[in-house]
Amino acid sequence: MPELPEVEAVSRRLREKAKGAEIRRARVLRPRTTYPQPASKVQRLAAGRTIETVERRGKHILIYLSGGVVLACHLRMTGNLYVIPDAGTRPLSTRLYLELADGRGIVLDDRRALGVVNAFPLAQAQTLMNKLGIEPLSAEFTPGRLIELAARSKMPAKVFLMDQRFISGLGNIYSAEALYRARIHPATPTNQIRPARLCRLHAAIVDVLNDAVKSAYIAYERPGQFREAERFPLAVYGREGDRCPVCHRRIRRLTQAGRSTYYCPGCQR
DNA sequence: CTTACCCCCTGTCCGC
DNA sequence: TGCGGACAGGGGGTAA
């Protein structure tokens, strides 16, 4: 599920519903969820504090609590984080929840249970987030910045885009979609892409993410629910064998860094 | 600095 | 119909 657009949608919805709420207590139902921290530490650090705000950094959701504590949440593959009306009535796949003073709950609902929640002092959260690459939807992400970053790596373009230390937030789907929009072959070594094409890639990244954020925000209108009708239209991802709408060649799949990459052999060179 | 595994989990799909 | 294996939008760790 979650790459930057979905995480942004989840984060916004959570902020709208839970900003200002007081956490009565926190319960970790699956100890591994707070790894490497003990569940007790997260429960203790969250209890009694007020949610000041909720922000996204890369694919992380940061819940800022009163007293300088941050809950850093990562949804990984199947996680979702949302407010439910009654903390006593939770989905089966709840791995951790925060019981709010008004009786509502915030749940980490995660079937595959790969999601993680840690509690950090503000400064430590800051340090960890500083290790992430540039925010692709921020003003600092410019064509020039992408050109600088690309010069530092000879990774295949797709692997580069997925590496959170360069740009944070792109995953398997939107990396492939951005490369398709930019007409760049996913295996091209990043430091060999010409500046003009990197400018095109920059625009493609920003456009695809902005489009997908809008779509994801609508799709997650109801907490914990995904509206199928609002699924973002994917040009190449998961479409092996389909015809490219532009050049009519069949979409191909290849494996890079253990993940599937989809691309159009006609458009992407 | 890379790549190439393995691990963490559950669920689904595909081929035999 | 049943079953084993591959694979799935995440990342961390370790070895080479």
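A, B, ... follow the sequence lines: proteins, then strands. Residue 1 opens every chain. Excluded from the calculations below are hydrogen atoms, water molecules and symmetry mates; all remaining heavy atoms, backbone and side chain alike, are included.
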> Aromatic rings A/F160 and A/F166: how do their planes relate, parallel, tilted or perpendicular, breaks at 30° and 60°?
Replying inline: tilted

>> Regarding A/R165, tell me which of base, sugar-phosphate or nothing describes its non-hydrogen contacts under 4.0 Å with the strands shown.
In response: nothing

> For B/dC13, which nucleotide is its Watson-Crick or G-U wobble mate, given both distances must be under 3.5 Å?
Replying inline: C/dG5

>> With side chain to side chain contact (heavy atoms under 4.5 Å, CB included) as the criterion, how do A/L96 and A/R30 come out once you've worked through the C-alpha distance, each side chain's angles and the decisive distance to 0.1 Å?
In response: CA-CA 7 Å; A/L96 170 154; A/R30 185 188 183 87; over 6 Å; no

> Less than 6.0 Å separating the ring centroids of A/Y263 and A/Y180?
Replying inline: no

> For the pair made of CG in A/L75 and C1' in B/dT10, what is the distance, rounded to whole Å?
Replying inline: 16 Å

> Does the base of C/dA8 carry an N or O that pairs as donor and acceptor with the side chain of A/R112 under 3.5 Å?
Replying inline: yes

>> In this structure, how many angstroms lie between the P atom of B/dT2 and the NZ atom of A/K158, rounded?
In response: 17 Å

>> Can you check the distance between B/dC9 and C/dG2, where both ends of the measurement are the P atom (answer in whole Å)?
In response: 29 Å

>> In whole Å, I'd like the distance from the CG atom of A/D110 to the P atom of C/dG10.
In response: 13 Å

>> Applying a 4.0 Å non-hydrogen cut-off, can you work out what A/S260 is touching in the nucleic acid: base, sugar-phosphate, or nothing?
In response: sugar-phosphate

> Think A/R13 forms a cation-pi with A/Y217, using NZ or CZ under 6.0 Å from the six-ring centre and within 45 degrees of its axis?
Replying inline: yes

> What distance, rounded to whole Å, do you find between the two P atoms, one in C/dC7 and one in B/dA4?
Replying inline: 15 Å

> Between B/dC8 and C/dC3, how far is it from one C1' atom to the other, in whole Å?
Replying inline: 24 Å

> Taking the P atom of each, how far is C/dT1 from B/dT10, in whole Å?
Replying inline: 27 Å

> Which sits closer to the 5' end of DNA chain C, A/H74 or A/G258, going by the nucleotide each is nearest to?
Replying inline: A/G258

